[in-house]
Amino acid sequence: MSTSEGSEVIQLLRMRLHALNDLALTLKHVHWNVVGPHFIAVHEMLDPQVDAVRDMIDTTAERISTLGGEPAGTPGVMVAERTWEDYAIGRAESIEHLGALDVVYTGIIEDHRQAVRATDEPDPITQDMLIEQLRSLELFQWFIRAHLENSGGKLSTARQTSETDAARAASKQARQQP
């Protein structure tokens, strides 16, 4: 890998590190702020996801260091460099948080997939790491979406792009089900 390619991979991983740190914090935020009839199911589902994402964070930071970069794990750097806003939902019903988390996971998965494509040629080792992370991220999204589908397979958050709209759509579909 050339020095230029290595720098590009490091920058790409920096953004993945920020996204994963943000995801871990968001999942804990939801864990603490979820209420309603499915509270315990969602509350307990999230801790293993947080643990797995924290492992991804560590692996990503170590890969940055291995490539000669400096992993930036402070909140200030993450906020300054990220390209997204804070999670938009506070204390809310389980189904609303799950709807919003579906949008969060979609964004992270899409960006991880772009990073996989970008590392195909210059760094298959980083690509392998990202693919492994995607396996878990997609599994976690499936866990979330299992709460958001009706018996006909309609996903309540389909076509939603904002967390608040997804939360509202998930809540609306849940109210319509028996």
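Sorted by first and then second residue, the ring-ring contact (aromatic ring centres under 6.0 Å, His included) pairs with a member in residues 39-83 read H31-H43, F39-H43; sequence neighbours excluded. Judged as a ring-ring contact (aromatic ring centres under 6.0 Å, His included), not a single pair has a partner in residues 109-148 (not counting sequence neighbours). Pairs engaging residues 88-98 under the salt bridge (Lys or Arg N to Asp or Glu O under 4.0 Å) rule: none recorded [sequence neighbours left out]. For residues 60-82, there are no ring-ring contact (aromatic ring centres under 6.0 Å, His included) pairs, not counting sequence neighbours. Sorted by first then second residue, the ring-ring contact (aromatic ring centres under 6.0 Å, His included) pairs that include residues 81-105, not counting sequence neighbours, are H29-Y87, Y87-H97.
Contact check for D22 versus T26: side-chain heavy atoms found under the 4.5 Å cut-off. Proximity of L12 to Q114: side-chain heavy atoms (C-beta onward) are nowhere separated by under 4.5 Å. Side-chain contact between E138 and I109 is present, with heavy atoms from C-beta onward closer than 4.5 Å.
In this structure, the side chain to side chain contact (heavy atoms under 4.5 Å, CB included) partners of H38, at least two apart in sequence or on a different chain, are S94. Every salt bridge (Lys or Arg N to Asp or Glu O under 4.0 Å) that D165 has, sequence neighbours left out, goes to R168. In this view, V50 and L27, K28, R54 satisfy the side chain to side chain contact (heavy atoms under 4.5 Å, CB included) rule, not counting sequence neighbours. Every residue meeting the side chain to side chain contact (heavy atoms under 4.5 Å, CB included) condition with S2, not counting sequence neighbours, appears here in chain and number order: S4, E5. Residues satisfying the salt bridge (Lys or Arg N to Asp or Glu O under 4.0 Å) test with D86, not counting sequence neighbours, are R82. Partners of E8 according to the salt bridge (Lys or Arg N to Asp or Glu O under 4.0 Å) rule, which considers only residues two or more places apart in sequence or in another chain, do not exist here. Partners of R135 under the salt bridge (Lys or Arg N to Asp or Glu O under 4.0 Å) rule, at least two apart in sequence or in another chain, are E132.
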Can L46 and V34 be said to form a side chain to side chain contact (heavy atoms under 4.5 Å, CB included), step by step?
CA-CA 11 Å; L46 294 178; V34 67; 5.7 Å; no
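Across all non-hydrogen atoms, the minimal contact from A88 to E163 is N-OE1, 2.6 Å. Across A169 and S156, no two heavy atoms sit closer than the pair CB-O, 3.3 Å. Of all heavy-atom pairs spanning L67 and I10, the tightest one is O-CD1, 3.5 Å.
Here the rule is side chain to side chain contact (heavy atoms under 4.5 Å, CB included) with M78, and of M15, H18, R14 only H18 fits it.
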